[in-house]
S.K.: 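Below you will find the structure I want to go over with you.
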Amino acid sequence: MMNPVYTGYLWCALAAVASTAATFLIKMSSLNGSGLSLVRLLWLGSAGGAYALGFVCYAIALEKLQMSLAYPVMTAVTMLLVMLLGNIALQETLTLSRVAGVVLITAGAFVLARPA
């Protein structure tokens with residue numbers, strides 16, 4: 001059986017993937033105009049579903065990890081994934097300062113996540 005702490009980190013990662021997907025879906029909705037068309041509402045509804053899935057994953061992570069560990073890890077992974085997905089799928093620019101910022105945030109989250 002897997003160590004509960006590692007399982008908690010796995011649930012954090014799943015929550016981060018769901019949050020990243022939701023962010024991407026919201027961005028895709030904005031590419032379909034600014035009004036409330038049926039297509040845009042479908043994108044936004046899908047984003048809401050992804051956020052709900054991420055909420056459940058994060059709730060399970062909190063059963064296994066301290067809140068002060070789970071949130072920074074989930075947030076750092078989400079930021080990294082959003083930056084990579086934006087670059088790959090939407091051709092958003094990866095600048096040195098953006099990469100450095102994500103590296104610093106991710107490193108800080110993993111320093112916080114180290115056992116005391």
Side-chain angles (χ1 to χ4, degrees):
M1 185 167 178
M2 189 181 265
N3 180 326
V5 172
Y6 294 133
T7 305
Y9 288 129
L10 176 62
W11 284 107
C12 276
L14 292 172
V17 168
S19 181
T20 300
T23 300
F24 179 74
L25 292 166
I26 292 168
K27 179 63 176 178
M28 294 305 295
S29 82
S30 73
L31 299 177
N32 286 285
S34 60
L36 290 179
S37 67
L38 180 60
V39 172
R40 186 151 193 230
L41 288 174
L42 288 172
W43 283 110
L44 293 172
S46 298
Y51 272 130
L53 178 61
F55 179 85
V56 170
C57 292
Y58 185 62
I60 294 169
L62 286 175
E63 292 175 4
K64 301 173 185 320
L65 294 174
Q66 295 176 18
M67 182 176 65
S68 61
L69 300 178
Y71 188 74
V73 168
M74 184 201 58
T75 303
V77 172
T78 301
M79 292 177 83
L80 175 64
L81 292 175
V82 165
M83 184 182 71
L84 292 174
L85 185 60
N87 176 256
I88 293 166
L90 302 171
Q91 289 75 48
E92 293 180 357
T93 305
L94 280 182
T95 63
L96 182 59
S97 62
R98 284 183 183 177
V99 172
V102 168
V103 167
L104 288 170
I105 290 167
T106 303
F110 283 97
V111 167
L112 283 171
R114 291 180 54 120

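Side chains included, hydrogens not; waters and symmetry mates left out as well; all remaining heavy atoms used.
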S.K.: Give me the atom names and distance for the closest heavy-atom approach of Pro72 to Ala109.
M.R.: O-CB, 3.3 Å

S.K.: How long is the span from the CG atom in Asn32 to the CG atom in Leu42, to the nearest 0.5 Å?
M.R.: 9.5 Å

S.K.: Can any side-chain N or O of Thr106 pair as donor or acceptor with the backbone N or O of Val103 at less than 3.5 Å?
M.R.: no

S.K.: What distance separates Leu84 CG from Thr20 OG1, expressed to the nearest 0.5 Å?
M.R.: 9.0 Å

S.K.: If you round to the nearest 0.5 Å, how far is CZ of Phe24 from OG of Ser46?
M.R.: 11.5 Å

S.K.: Please set out all donor-acceptor pairs under 3.5 angstrom arising from side-chain atoms of residues 56-65, sequence neighbours excluded.
M.R.:
none

S.K.: Ignoring hydrogens, what is the shortest heavy-atom contact between Cys12 and Ala70? Give both atom names and the distance.
M.R.: SG-O, 3.6 Å

S.K.: Quick check for you: to the nearest 0.5 Å, what is the distance between Thr78 atom OG1 and Met83 atom CE?
M.R.: 13.0 Å

S.K.: Could you see if Met28 belongs to whatever hydrophobic cluster contains Val39? Use Ile, Leu, Val, Met, Phe, Trp, Tyr and a side-chain cutoff under 4.5 Å.
M.R.: yes

S.K.: What's the spacing between Ile26 CD1 and Leu44 CG if we round to 0.5 Å?
M.R.: 6.5 Å

S.K.: Count the heavy atoms of every other residue, nucleotide or ligand shown that sit under 6.0 Å from OH of Tyr71, and state whether that count exceeds 12.
M.R.: no

S.K.: When hydrophobic residues are tied together by side-chain contacts of less than 4.5 Å, even through go-betweens, does Leu80 share a cluster with Leu94?
M.R.: yes

S.K.: I need the full list of side chain to side chain donor-acceptor pair (under 3.5 Å) pairs touching residues 89-98, with sequence neighbours left out, sorted by first then second residue.
M.R.: Thr95-Ser97

S.K.: Could you tell me which non-hydrogen atom of Ala16 sits nearest to which non-hydrogen atom of Met74, and how far apart they are?
M.R.: CB-O, 3.7 Å

S.K.: Determine, stepwise, if the pair Gln66 / Leu69 fulfils side-chain contact (heavy atoms from CB on, under 4.5 Å).
M.R.: CA-CA 5 Å; Gln66 295 176 18; Leu69 300 178; 4.1 Å; yes

S.K.: State the CG-CG distance between Leu31 and Leu90, to the nearest 0.5 angstrom.
M.R.: 7.0 Å

S.K.: Mark yes or no for whether Ser19, through its side chain, and Ala15, through its backbone, hold a donor-acceptor pair below 3.5 Å.
M.R.: no

